Undergrad: 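First the structure, which I've put down as structure tokens, then a few questions once you've had a look.
Reminder, nothing fancy here: chain letters follow the sequence lines and each chain counts from 1. The structure presented is a predicted model; accordingly, all values stated were derived computationally and were not measured.
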2 protein chains.
Amino acid sequence: MDQVEIFKALANKARLQILNWLKEPETHFPDYKASCGDNSVGVCVGHIQRKSGLTQSTVSEYLAVLQRAGLVNATRIGQWTYYQRNEIAIKALGQLIATSL
Amino acid sequence: MDQVEIFKALANKARLQILNWLKEPETHFPDYKASCGDNSVGVCVGHIQRKSGLTQSTVSEYLAVLQRAGLVNATRIGQWTYYQRNEIAIKALGQLIATSL
DNA sequence: TAGAAATATCGAGAAAACCCGATATATATT
DNA sequence: AATATATATCGGGTTTTCTCGATATTTCTA
């Protein structure tokens, strides 16, 4: 768990936005269950991409950055990759900052 | 309080180090009270600079970055500028991450 | 098996961060 | 007033990040 890597991942408006959207998928991606294989392991890249307005490659890369930092988990199912927040890691980060920063 | 600016400030090994040193000045800067005007508003730039091994200009800039992010407070007294952690802001950040990230 | 759809990776130009040396500014001392 | 000390700012070379378009890979479907 590299602190610098985590903070780098968070040091970007779009990535913070994505992380925030993933808190409430049904709110921010109304049809996220209907349109890419009704599931419960997160939101697929395409939905995030369309909402963000960034290109597909950029969003794919940003999600990879968040994942490498441990802030989200990725699950590939068929042709889709679903991303969801890693709540445990995020909570741990809050703890770490409040106590050991 | 710009989140991105805060995370950018934290996304650097040397700055994290400095923030950590400032948690316990007497431990990390044994003579910080003796050699630059015995005071209680923090540690002067020179001490931080010597311990970090970075150049004076770099450390001055880094401290400014931390200050702009609200993570430290600066107090100029005479020819010295003393820096100390802004514990309130840091605690608030921990809260924010644990709840609203 | 050929084509379509979703995602990942590659290559690159622009912008920002890193970190330095040199110089400027502010304050203290003599 | 001249000099010394502490810090801040400036200019710039180097590295990293940002973000894109193009292409590759994987999986699904006809």
Undergrad: Please report the C-alpha distance between B:E61 and B:R15 in whole Å, then the side-chain angles of each, then the deciding distance to 0.1 Å, and finally whether the salt bridge (Lys or Arg N to Asp or Glu O under 4.0 Å) criterion is met.
TA: CA-CA 10 Å; B:E61 172 63 15; B:R15 289 192 296 265; over 6 Å; no

Undergrad: If you count every heavy atom of other residues, nucleotides or ligands that lies below 6.0 Å from B:K23 atom NZ, does the total exceed 12?
TA: yes

Undergrad: Within less than 4.0 Å of OP1 or OP2 of D:dT17, is there a side-chain N or O belonging to A:N12?
TA: no

Undergrad: NA contact type, B:C36, heavy-atom cut-off 4.0 Å: base, sugar-phosphate, or nothing?
TA: nothing

Undergrad: Whether the B:T58 and B:T55 side chains hold a donor-acceptor pair (N or O, under 3.5 Å, no angle test) is what I'd like checked.
TA: yes

Undergrad: Closest heavy-atom contact between B:C44 and B:W80?
TA: CB-CD1, 3.9 Å

Undergrad: Looking at every heavy atom in both B:H47 and B:D31, which two are closest together, and how far apart are they?
TA: CE1-O, 3.6 Å

Undergrad: Taking the inter-plane angle between the rings of B:F7 and A:F7 on a 0 to 90° scale, is it parallel (under 30°), tilted (30 to 60°) or perpendicular (over 60°)?
TA: parallel

Undergrad: Using the side chain to side chain contact (heavy atoms under 4.5 Å, CB included) rule, take B:N86 and B:V72 through it: C-alpha gap first, then chi angles, then the decisive distance, then the call.
TA: CA-CA 5 Å; B:N86 183 344; B:V72 300; 5.6 Å; no

Undergrad: Reading DNA chain D from 5' onward, which residue's closest nucleotide shows up sooner: B:A74 or A:G78?
TA: B:A74

Undergrad: Of all nucleotides in DNA chain C with an atom under 4.0 Å from a non-hydrogen atom of chain A, which is the first and which the last going 5' to 3'?
TA: C:dA5 to C:dT9

Undergrad: Tell me the interatomic distance from B:E5, atom CD, to D:dT17, atom P, rounded to whole angstroms.
TA: 18 Å

Undergrad: So, for A:A14 and A:L54, which heavy atoms are closest and what is the spacing to 0.1 Å?
TA: CB-CD1, 3.8 Å

Undergrad: Would you mind classifying the nucleic acid contact of A:Y83 as base, sugar-phosphate or nothing, using non-hydrogen atoms under 4.0 angstrom?
TA: sugar-phosphate

Undergrad: Does anything in residues 47-69 of chain B come within less than 4.0 Å of DNA chain D? Heavy atoms only, and list the residues if so.
TA: B:Q56, B:S57, B:S60

